[in-house]
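Beneath this line is the structure, given in structure tokens, with notes to follow.
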Amino acid sequence: LYANSLQLSTIPSSEEEQSLVPSLARVDLSDNQIASIPSYYANLEYLERFAIGHNKLAGPIPDFSYLYDLKELDLTGNLLKDEDFAADAC
């Protein structure tokens, strides 16, 4: 799924929308206006690459440590602080 530079402010978060994306391997939502990541993105078991850099992310980030296929998680260029990351994900 490539939806970068579209000025998106939110990403799908309803149960109906979740059922459409369970086997996503690559998601690129870079260069938008997204402020948070719905927690179900940390349950996409086939996710290999999640790029959500250069948005307006702030606040808690879901724990992606259980996604064993995840090779790249790009959170650069956001408004994140150390405390926004799950303590048990380190």
Side-chain angles (χ1 to χ4, degrees):
L1 170 67
Y2 293 96
N4 51 348
S5 302
L6 296 176
Q7 300 300 312
L8 299 175
S9 59
T10 61
I11 52 181
S13 60
S14 73
E15 282 187 36
E16 181 178 307
E17 292 165 324
Q18 290 177 41
S19 68
L20 300 174
V21 295
S23 62
L24 280 177
R26 297 172 187 210
V27 176
D28 187 342
L29 298 168
S30 302
D31 299 310
N32 283 291
Q33 304 293 317
I34 298 167
S36 65
I37 302 171
S39 61
Y40 77 86
Y41 273 80
N43 297 322
L44 295 175
E45 64 182 290
Y46 301 108
L47 193 61
E48 297 174 4
R49 180 179 189 273
F50 187 39
I52 192 164
H54 304 283
N55 278 282
K56 294 187 177 189
L57 292 179
I61 295 298
D63 183 358
F64 289 94
S65 66
Y66 299 101
L67 297 180
Y68 300 112
D69 291 335
L70 187 64
K71 294 172 182 59
E72 182 182 348
L73 176 61
D74 180 5
L75 299 168
T76 58
N78 281 289
L79 307 172
L80 298 169
K81 300 176 184 158
D82 287 344
E83 59 267 19
D84 294 331
F85 297 90
D88 57 345
C90 299

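A quick note: this is a predicted structure, and the numbers were derived from the prediction, not measured.
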Give me the atom names and distance for the closest heavy-atom approach of [X] to [Y].
| X | Y | value |
| --- | --- | --- |
| Asn55 | Leu29 | ND2-O, 3.0 Å |
| Ala42 | Leu67 | O-CD2, 3.3 Å |
| Phe85 | Leu80 | CZ-CD1, 3.9 Å |
| Ser36 | Ile34 | O-CG2, 3.3 Å |

request  = Return the orientation label for the Phe50 and Tyr41 ring planes: parallel under 30°, perpendicular over 60°, tilted otherwise.
outcome  =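 Rings of Phe50 and Tyr41: parallel, under 30°.
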
inquiry  = Would you compute the distance between atom CZ of Arg26 and atom CZ of Arg49 and round it to the nearest 0.5 angstrom?
reply    =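 If we round to the nearest 0.5 Å, Arg26:CZ and Arg49:CZ are 7.5 Å apart.
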
ask   = side-chain contact (heavy atoms from CB on, under 4.5 Å) with Lys81: which residues, sequence neighbours excluded?
value =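 With neighbours one apart ignored, the set is Glu83, Asp84.
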
ask   = How would you list, by chain and number, every residue that makes a side-chain contact (heavy atoms from CB on, under 4.5 Å) with Asp74, sequence neighbours excluded?
value =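 By the side-chain contact (heavy atoms from CB on, under 4.5 Å) rule, Asp74 matches Ala51, Glu72, Thr76.
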
query = Quick one: does Phe64's side chain get under 4.5 Å of Leu75's, heavy atoms only?
reply =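 No, too far: nothing below the 4.5 Å cut-off.
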
query = With side chains defined as the heavy atoms from C-beta onward, is the minimum distance between Asp69 and Leu47 less than 4.5 Å?
reply =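 Answer no - side chains too far apart.
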
query = Under 3.5 Å, is there a donor-acceptor pair between the side chain of Asp63 and the main chain of Ser65?
reply =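 At least one qualifying donor-acceptor pair exists.
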
ask   = Any donor-acceptor pair under 3.5 Å linking the side chain of Asn78 with the backbone of Ile52?
value =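 Flag set: sc Asn78 to bb Ile52 pair under 3.5 Å.
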
query = Applying the 4.5 Å side-chain criterion to the ILVMFWY set and letting contacts propagate, would Leu73 and Leu57 be lumped into a single cluster?
reply =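 Shared cluster, yes.
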
